[in-house]
Protein chains: 2
Amino acid sequence: MPNISMKLLAKELGLSLSTVSKVFTDSHEISEQTKQKVLAMAKQLNYVPNPYASSLRKRKSKTIAVVLPEVADSFFSVAINGIESIAREKGYHVLIYLTHELFDREQAILADFQSGRVDGVLISVSNGTTNDSHINDMMQRGIPVVFFDRVCEETATTRITTNDRESGRLATQHLLENGCKRIAFLTLSESLSISRNRLDGCRQALAAHRLIFQENDLVLCTDKDADNRDIIKRLLQRKDRPDGIIASVEKLTAGVYLACRDLKMVIPKDVKVISFSNQSTAPILNPSLTTITQPAFEMGKAAAAALFNNLKRNNQQYKPETIVVPSVLVPRESTTGVHQG
Amino acid sequence: MPNISMKLLAKELGLSLSTVSKVFTDSHEISEQTKQKVLAMAKQLNYVPNPYASSLRKRKSKTIAVVLPEVADSFFSVAINGIESIAREKGYHVLIYLTHELFDREQAILADFQSGRVDGVLISVSNGTTNDSHINDMMQRGIPVVFFDRVCEETATTRITTNDRESGRLATQHLLENGCKRIAFLTLSESLSISRNRLDGCRQALAAHRLIFQENDLVLCTDKDADNRDIIKRLLQRKDRPDGIIASVEKLTAGVYLACRDLKMVIPKDVKVISFSNQSTAPILNPSLTTITQPAFEMGKAAAAALFNNLKRNNQQYKPETIVVPSVLVPRESTTGVHQG
DNA sequence: AGCTATTTCGCAACCGGTTTCGTAAATAAA
DNA sequence: TTTATTTACGAAACCGGTTGCGAAATAGCT
């Protein structure tokens with residue numbers, strides 16, 4: 001049995017195809033009476049209109065794409081929830097794509113969107129993204145793009161970020177206030193906007209305390225946990241070792257804890273640790289982990305909401321506005337030594 | 001400027017629309033020479049065929065749906081990676097939908113798929129799913145469905161699970177071998193297949209040791225962390241309190257650790273803890289957490305692979321096969337007291 | 001009643017590819 | 001050279017809705 005089409009529905013009702021179609025677009029041309037009749041029959045036959053036929057004619061897909069580096073990180077997991085929640089509200093569908101931090105894959109994914117597959121794109125750029133021409137191509141084709149979390153700052157469109165610089169500042173200040181004299185900053189990338197901004201904030205805070213950031217305290221880690229553990233161990237074995245560590249991404253936390261364990265160093269006595277993290281296990285780590293927690297769900301929602309705004313006014317000119325959803329610093333034992341609820 | 005269409009491309013080349021189309025389907029009817037010419041021009045003009053026009057005519061969307069309870073859990077996050085990796089390999093696109101554990105939302109989502117939006121469905125059923133008629137509807141329409149992780153055992157289609165029962169047995173046995181006399185089993189749902197199976201395994205292991213499971217040692221938790229903390233505290237304050245706890249889902253772990261902290265009970269001395277979890281922080285918890293780790297990535301891949309198999313042979317009859325990807329028990333301090341790497 | 005305005009619906013073109021079929025030219029077989 | 005095949009391409013129908021426009025039916029008005 002072929003899926004029932006609108007044509008079939010029309011024949012069943014003794015109406016024309018166009019009349020039935022107009023019922024579904026809720027056209028004023030159709031009387032309330034026949035609308036009811038059609039809707040009733042549709043429900044009875046379990047009819048669902050073919051979205052692709054509609055997309056073809058209307059040149060709208062009612063679909064957005066979410067392009068992410070990966071979903072291993074708990075930030076993106078939660079962000080997806082936020083995105084999905086408002087997409088569903090608007091009756092949109094969500095396609096998901098992973099770049100695995102590869103620039104060429106990111107380009108290939110966006111290139112496919114030239115086809116009209118999606119009406120808009122939400123993107124958190126990959127680690128290796130060096131330019132934004134693929135993004136601009138999208139927008140020139142009339143497909144709005146909204147950045148979230150990992151943004152391209154030069155690109156003229158809406159950006160949703162958290163207050164990365166401010167958070168970096170706060171994290172550093174928090175360490176200093178808890179007695180740290182020398183702070184190391186762990187990062188995965190020097191090019192990513194969020195990393196740069198967090199580091200900038202760190203530098204600012206140090207400067208405010210008349211300290212300057214030593215360049216060898218900027219530690220570039222890899223995406224392999226085992227390597228990071230070694231890298232951090234070496235950091236902690238230096239004679240001028242830091243007494244405070246900022247892990248600028250969630251996945252570096254484990255390396256710090258394990259390195260300390262290996263070296264029999266005690267957090268926070270020997271070294272204090274603060275991490276940019278959304279992990280729900282932060283309170284039950286030992287010691288519990290002081291975190292800068294990003295508002296992942298809210299950022300997801302804000303990003304989707306902004307995209308739908310840009311979708312509505314379909315001019316090609318989007319204002320390069322940056323919406324900032326602030327992170328919160330949650331102090332715990334790893335910096336304060338103080339145990340709390 | 002309208003997006004360039006195949007018709008435009010054809011005109012540009014002085015060829016007919018159908019000829020150009022046949023180039024893209026790599027038809028034998030077209031000479032190698034003109035194929036090259038068309039492809040070259042297509043690349044030059046940056047032409048990407050409209051997927052919806054193609055879907056409409058071919059009655060294939062090259063798209064699959066992934067229906068999940070939520071992505072807050074790290075299991076699903078990683079599973080998505082597995083799914084996406086093989087979908088991309090096959091040239092398929094991935095739509096994602098969240099049920100938020102609501103049965104009616106799950107039904108509504110699947111009902112939409114009657115439209116032909118997707119060629120196949122990967123689903124992990126919601127907590128509240130009580131029957132499988134919506135799944136069967138899908139399959140009768142010729143849309144294959146593959147379960148993963150949270151399956152419906154009665155439904156006649158492919159299922160990807162981990163060895164839940166065996167793992168429940170192993171977890172229990174592990175606790176017993178480490179000296180536990182009385183074991184509590186924390187769960188979120190009594191209806192979910194995975195919970196039931198894990199519990200069954202637990203019962204089996206106890207029986208093998210000539211112990212029987214006390215019904216009040218089955219503790220039903222909620223999805224609110226604060227409540228769970230209290231529930232677990234009450235459990236640990238009973239005079240016949242357990243000396244071993246199995247958390248059958250990841251998100252219950254925090255409750256156990258916090259409850260113990262509140263009561264000044266020491267893991268593993270006072271109570272040993274094992275958790276079904278994929279959290280990367282397990283090794284750095286204090287004490288480090290013994291886990292049963294599900295092979296999330298492999299399950300995602302297996303599920304997608306199975307779906308594509310069912311997609312290929314497009315008969316409506318799918319064999320109700322269950323593919324089991326085994327979990328691994330990683331012993332750590334929370335049960336053994338022994339510190340390791 | 002006569003005439004215009006409004007409501008309600010059907011016809012047909014259209015969205016952008018896909019595919020069947022027909023045909024002219026090129027090649028092979030007789 | 002004639003006939004049978006094969007090769008290479010174009011015309012047109014089609015997938016399943018959407019929409020502009022025209023026409024019939026009804027309502028409103030003098």
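Since this is a predicted model, take the numbers as computed values, not measurements. Letters A, B, ... are given to chains in the order of the sequence lines, protein chains preceding strands, and every chain is numbered from 1.
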(request) In whole angstrom, give the distance that lies between atom CG of B/L17 and atom P of C/dT18. (result) 9 Å
(request) Check the distance between C/dC9's P and A/L9's CG and give it to me in whole angstrom. (result) 15 Å
(request) Identify whether any heavy atom of A/S55 sits under 4.0 Å from a base atom; if not, whether one sits that close to sugar-phosphate; answer base, sugar-phosphate or nothing. (result) nothing
(request) Anything under 4.0 Å to a heavy atom of chain A counts; send over the first and last such nucleotide of DNA chain D, read 5' to 3'. (result) D/dG16 to D/dC21
(request) Can you sort out the partners of A/R150 under salt bridge (Lys or Arg N to Asp or Glu O under 4.0 Å), two or more places apart, ordered by chain and number? (result) A/E101
(request) Give me the bend of the helix from C/dA1-D/dT30 to C/dA26-D/dT5, using the axes of the five pairs at each end, rounded to 10°. (result) 50°
(request) Return the set of residues passing ring-ring contact (aromatic ring centres under 6.0 Å, His included) with B/Y47 (not counting sequence neighbours), or none when no residue passes. (result) B/F24
(request) Provide the full list of salt bridge (charged side-chain N to carboxylate O under 4.0 Å, His left out) pairs with a residue in residues 7-18 of chain B, sequence neighbours left out, each pair given once. (result) none
(message) Tell me every residue that passes ring-ring contact (aromatic ring centres under 6.0 Å, His included) with B/F76, counting only those two or more places apart in sequence or in another chain.
(response) none
(request) Would you mind reading off the distance between B/K11 atom NZ and C/dG17 atom P, rounded to a whole angstrom? (result) 14 Å
(message) If I take atom OH in residue B/Y52 and atom P in nucleotide C/dT18, what distance separates them, rounded to the nearest angstrom?
(response) 15 Å
(message) Under the salt bridge (charged side-chain N to carboxylate O under 4.0 Å, His left out) definition, can you give me all pairs with a residue in residues 43-58 of chain A, not counting sequence neighbours?
(response) none
(request) For residues 130-154 of chain B, pull every pair meeting ring pair (Phe, Tyr, Trp, His ring centres under 6.0 Å), keeping only residues two or more places apart or in separate chains. (result) B/F103-B/H134
(message) Tell me which residues in residues 18-31 of chain B lie within less than 4.0 Å of DNA chain C, going by non-hydrogen atoms.
(response) B/S18, B/S21, B/K22, B/E29
(message) Judged by each residue's nearest nucleotide on DNA chain D, which is more toward the 5′ side, A/R57 or B/G14?
(response) B/G14
(request) Please determine if a side-chain N or O atom of B/Y47 lies less than 4.0 Å away from the OP1 or OP2 oxygen of C/dG17. (result) yes
(message) Checking side-chain polar atoms at under 3.5 Å, does B/S16 have a donor or acceptor matched by the opposite partner on B/S18?
(response) yes
(request) Grab the CD-P distance between A/E32 and C/dT8 for me, whole Å please. (result) 9 Å
(request) Using modelled atom types only, decide if a donor and an acceptor are shared between the side chain of B/S61 and the backbone of B/S55 within a distance under 3.5 Å. (result) no
(request) Please list all pairs passing the ring pair (Phe, Tyr, Trp, His ring centres under 6.0 Å) test where one or both residues lie in residues 48-67 of chain B, with sequence neighbours left out. (result) A/Y52-B/Y52
(message) Both B/L56 and B/T34 contact DNA chain D. Taking the nearest nucleotide for each, which residue is further toward the 5' end?
(response) B/T34
(request) Can you sort out the partners of A/S124 under side chain to side chain donor-acceptor pair (under 3.5 Å), two or more places apart, ordered by chain and number? (result) none
(request) List for me each residue that meets salt bridge (Lys or Arg N to Asp or Glu O under 4.0 Å) alongside B/E89, sequence neighbours excluded, and say none if there are none. (result) none
